[in-house]
Number of protein chains: 2
Amino acid sequence: MAKRPVPDIVVGRLPIYLRELNYLVEERKFITSSQELADRLGFSSAQIRKDLSFFGEFGKQGAGYETLFLRDKLSEILKADRVWDIVLVGAGYLGHALASYGGFLGRGFRIAAIFDNDPDKIGRPIGGLVVQDSRELPQAIQDNGWQIAILAVPAAAAQEIADTLVASGIRAILNYAPRILNVPPGVRIQYIDPVIDLQHMTYYL
Amino acid sequence: MAKRPVPDIVVGRLPIYLRELNYLVEERKFITSSQELADRLGFSSAQIRKDLSFFGEFGKQGAGYETLFLRDKLSEILKADRVWDIVLVGAGYLGHALASYGGFLGRGFRIAAIFDNDPDKIGRPIGGLVVQDSRELPQAIQDNGWQIAILAVPAAAAQEIADTLVASGIRAILNYAPRILNVPPGVRIQYIDPVIDLQHMTYYL
DNA sequence: TAGATTGTTAATCGATTAACAATC
DNA sequence: TAGATTGTTAATCGATTAACAATC
């Protein structure tokens, strides 16, 4: 029951809560509290209760939260209660690792296709899929209605491919290329650059 | 000249500035402004000036910033003006991709060694290195004085390995396992979990 | 019931932005 | 110089936390 737009920073924490709830369920802990979650995640219990309160009342006073119930609620809110097709662009080492990653399925995502522009890679099988020619990318996106892409290409190629993706209907991009991408409003981007994270830490060493 | 502890959120943006400055230098743009940087990064110019002001005065009124100079200053601040050895734990697909990633060198990092506990993987060459036995990990960390580790192991093994790493002297961990890690104060952790980023975006779809 | 924990409000804390004097 | 842009201050904005009534 979100009356007002939920702060993006709150949305960003929900997947972390969801992941932890899944671990709790795995451990057969069917009841938890904001305090227990806070301890496990390193957050404050007040923050967890506040975050959840943007979306509804999921707990019982004095009793805490049912993990199965809260897990399902967060799944719904994040639209993680279905399987999303992802189109993967880039069939290098990283693309290979992502295509072979067992952690997507079971958490709501499936690599549906892999594209690359390297003739040596096109046609080769990777993790149960065959690498397709990048030139067929726009048509394939439109035909299949894919909305999510993972970019695992060299930095120099990232912006151009992003333009193609967006023009073809992609609305969310997980970008592994070490580049800020320019996209129109309404298209979401998340960035993963391990060097950024490493340099963040070396500051403190 | 940081008088007070610099907010961590500011430290976290410095690597992004540094990366963009390197692109500017590549493009042979030797002068820039907070406004140009802001446009390229999608930040506000005030924020960039404020962030930099925690560390000194790097620009000239009316003229802007010399990209080479500012790049070098940020490199120093982030300790990216040297090459850090990284110990990589986990020789699966992801470990393979990381070991073969060309983007570390040139940005201050070098995979110095790879460890795994799988007998089938130990002894095999990956990206110019030979996978070593995890049991030798503590000794190797101590002998070489490694301070940074990348964790690319299954979630179930992550905490135990993190404990070993920390006990052996590691002070910064880039964790690809989808788990919050418990470490003593003084040890930095950064998390990379693509599913978290994907679920953050599906909320808006 | 008594004890515990939620959901929520108000207070605090921190980060971002606007604005402008300083000055190159 | 005139124009431009920094560095910094103060104001605004937003996020986190503390506290507690509600209530299971």
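Letters A, B, ... mirror the listed sequences (proteins, then strands); counts begin at 1.
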#### Entry: Which nucleotide in dA22(C), dT8(D), dG7(C) has an atom nearest any side-chain atom of Gln61(B)
dA22(C)

### Query
Just how far, in rounded Å, is P of dT8(D) from CZ of Phe58(B)?
11 Å

### Distance in angstrom units between Leu52(A) CG and dT6(C) C1', rounded
11 Å

### Message
I want to verify a distance call: between dA22(C), dT5(C), dG7(C), whose nearest atom is closest to the Ser33(A) side chain?
### Response
dT5(C)

### Query
Now, which nucleotide makes the Watson-Crick or G-U wobble pair with dA18(C), with each of the two distances under 3.5 Å?
dT9(D)

### Message
What is the separation between atom CD on Glu36(B) and atom P on dT6(D), rounded to the nearest whole Å?
### Response
10 Å

### Task
Could you tell me whether Arg179(B) sits above the aromatic face of Tyr23(A), with NZ or CZ closer than 6.0 angstrom to the six-membered ring centre and within 45 degrees of the axis?
yes

### Crowding at CZ, Arg135(A) (>12 non-hydrogen neighbours, <6.0 Å)
no

### Summary
Rounded to whole Å, CD of Glu66(B) lies from C1' of dT6(D) at a distance of 14 Å

### Task
Write down the distance between CZ (Phe54(B)) and C1' (dT9(D)), rounded to a whole number of angstrom.
13 Å

Report each atom pair, protein N/O against N/O of nucleotides 13-17 of chain D, whose distance is under 3.5 angstrom.
| unit_1 | atom_1 | unit_2 | atom_2 | d |
| --- | --- | --- | --- | --- |
| dT16(D) | OP1 | Arg13(A) | NH1 | 3.1 |
| dT16(D) | OP1 | Gln47(A) | NE2 | 3.4 |
| dT16(D) | OP2 | Arg13(A) | NH2 | 3.0 |
| dT16(D) | OP2 | Gln47(A) | NE2 | 3.4 |
| dT16(D) | O5' | Gln47(A) | NE2 | 3.1 |
| dT17(D) | OP2 | Ser44(A) | OG | 3.0 |

## Note on the structure
Rounded to whole Å, the CD1-C1' distance (Ile48(B) to dT8(D)) equals 16 Å

### Query
Which base sits across from dT23(C) as a Watson-Crick or G-U pair, both distances under 3.5 Å?
dA4(D)

### Message
One pair to check against side chain to side chain contact (heavy atoms under 4.5 Å, CB included): Tyr65(A) and Leu21(A). What are the steps and the verdict?
### Response
CA-CA 10 Å; Tyr65(A) 302 89; Leu21(A) 284 161; over 6 Å; no

### Query
With Ser45(B), which residues qualify under side chain to side chain contact (heavy atoms under 4.5 Å, CB included), at least two apart?
Ser34(B), Gln35(B), Ala38(B), Arg49(B)

### Query
Within a radius of less than 6.0 Å around CZ of Arg82(B), do more than 12 heavy atoms belonging to other residues, nucleotides or ligands occur?
yes

### Task
Rounded to the nearest angstrom, tell me the gap between atom CZ in Arg49(B) and atom C1' in dC20(C).
10 Å

### Task
Return the nearest nucleotide to the side chain of Lys60(A); candidates are dT8(C), dT5(D), dC24(D).
dC24(D)

### Query
For Tyr17(A) and dT6(C), what is the distance between atoms OH and P respectively, to the nearest whole Å?
13 Å

### Task
Could you give me the CA-CA distance, side-chain angles and deciding distance for Tyr204(B) and Asp8(A), then say whether side chain to side chain donor-acceptor pair (under 3.5 Å) is met?
CA-CA 10 Å; Tyr204(B) 297 99; Asp8(A) 183 64; 2.4 Å; yes

### Query
Do any side-chain nitrogens or oxygens of Tyr65(B) fall under 4.0 Å of OP1 or OP2 in dG7(D)?
yes

### Query
Any sub-3.5 Å donor-acceptor pair from Tyr191(B)'s side-chain atoms to Leu181(B)'s backbone N or O?
yes

### Message
Regarding Ser45(A), tell me which of base, sugar-phosphate or nothing describes its non-hydrogen contacts under 4.0 Å with the strands shown.
### Response
nothing

